[in-house]
Amino acid sequence: MTDYSPLWSPIRIGSTELDNRVALAPMTRISATQDGLATERMASYYQGFARGGFGLLITEGIHPDTAHSQGYHFQPGIATEEQARSWAAVVDGVHAAGAKIFAQLMHAGAQSQGNRYVTSSVGPSAVAPKGEQLGFYRGEGPYPVPSEITEAQMEEVRDGFVSAALRAQQAGFDGVEIHGANGYLLDQFLTDYLNQREDHYGGSAENRVRFAAEICRDVREAVGPDMTVGIRISQAKVSDNDHKWAGGVAEAEVIFSTLGATGIDFVHTTEYRATEPAFEDADETLAALAKKYSGVPVIANGKLDDPETAVSMLADGSADVVALGKGALANRNWPHLVRNNLEFGELDASVFAPYADVKDWEVEDPA
């Protein structure tokens, strides 16, 4: 019989004490008001996972500024004081249920498909993301070609992340996760075919990770030691599920060692399957490479809803926390079910139809 006890052991990440090693992965839910305010429904939705036994919740991507960062219509923001205040009820509800919560700060860059502040997008270069916008996030058609972001605009983006992190701190969040994954702006800088810059932000892996590292360092310095700071990293994207880093393990070493040296407290890796090798010519998973080269705790995400698979990543030391996405949507009390050897429910496909927003039945108590 599998020993699931590693899932329930406490862990400290930065300044945050977690009661267990099971986290809710960030998932776009486009359920804020049109003005980007968090709602009572969102507060009930997040509190449900806390009641269900998740030790850590990571929010959906929150846009940090009133320029180009918003990625979706009805995406929540933390770009204004009003938006920040709207998150207090979410945070308080999660804390009351015994869990911790991190705000994920996300700049969509060229992968934006809905922005109420501006009608244009920016990216590292004037190259459109692959694929089509997602209908269940209210998108339609191909992504437009972005404007190449200027260094002055990059400075504004950095300032936006810092200001948003400080607002998250004031709203009571335990930490912030900088979104450097899934094809959004910071990942666009990491991506060879989207980043064709010839300055010190393009070309080598050392250059392509520079912008993300600068933001990590700035946020870490701004919020001080009493708030946990980390970054999410992936190879695949919303618009390109098959992307891999061309430099393989050597590129992973540069990326993770550079980010780990910024003073952040964790790296959160996400792959289609977290337990599969990151590259064809290597045995290690992306989480294991992050753990090896960053020197900080690692959260792993990607098809870990089977508890035996989840606990295997903790047992072999390749991850310190496991994060569940669709597995959590299917079973908002997943930790409770595993602890008590109860059966899992199936994911209801209507959670993504017609939009991937929070439904009435998702705000009911899952216990």
Problem - Note, Leu185 side chain near Gln111 side chain (heavy atom, < 4.5 Å) - result: no

Practice task
Assess Arg138 against Tyr355: is NZ or CZ under 6.0 Å from the centre of the six-membered ring, and within 45 degrees of the ring's axis?
Solution key: yes

Handout entry: Salt bridge present between Lys359 and Glu362 (N-O < 4.0 angstrom)
Key = no

Practice task
Compare all side-chain heavy atoms of Val223 with those of Val229 and state whether any distance is below 4.5 angstrom.
Solution key: yes

Handout entry: Residue from Asp174, Val176, Leu24 passing side-chain contact (heavy atoms from CB on, under 4.5 Å) with Phe102
Key = Asp174

Practice task
May I ask you to decide whether Arg29 forms a salt bridge with Glu60, counting only side-chain N to carboxylate O separations under 4.0 Å?
Solution key: no

Practice task
Looking only at non-hydrogen atoms, find the nearest pair between Ile58 and Gln104 and report the distance.
Solution key: CG2-CB, 4.1 Å

Handout entry: Side chains of Val209 and Leu259 in contact at under 4.5 Å (non-hydrogen atoms)
Key = yes

Exercise for the section: Please find out if less than 6.0 Å separates the ring center of Tyr137 from that of Phe352. Expected result: no

Practice task
Answer yes or no: is there a side-chain heavy-atom contact under 4.5 Å between Ile11 and Asp320?
Solution key: yes

Problem - Arg339 to Trp8, cation-pi by 6.0 Å centre distance and 45° axis angle - result: yes

Exercise for the section: Step through it carefully: locate the ring centre of Tyr117, locate the ring centre of His63, and say whether they are under 6.0 Å apart. Expected result: yes

Exercise for the section: May I ask you to say whether Arg208 pairs ionically with Asp192, meaning some side-chain N is under 4.0 Å from a carboxylate O? Expected result: no

Exercise for the section: Answer yes when Asp187 and Lys237 have at least one side-chain N-carboxylate O distance shorter than 4.0 Å, and no when they do not. Expected result: yes

Practice task
Report yes or no: is the cationic atom of Lys100 (NZ for Lys, CZ for Arg) closer than 6.0 Å to the six-membered ring centre of Phe173, at no more than 45° off its axis?
Solution key: no

Problem - Heavy-atom donor-acceptor pair, Gln34 side chain to Phe74 backbone, under 3.5 Å - result: no

Handout entry: N-O pairing of Glu82 and Arg167 below 4.0 Å
Key = no

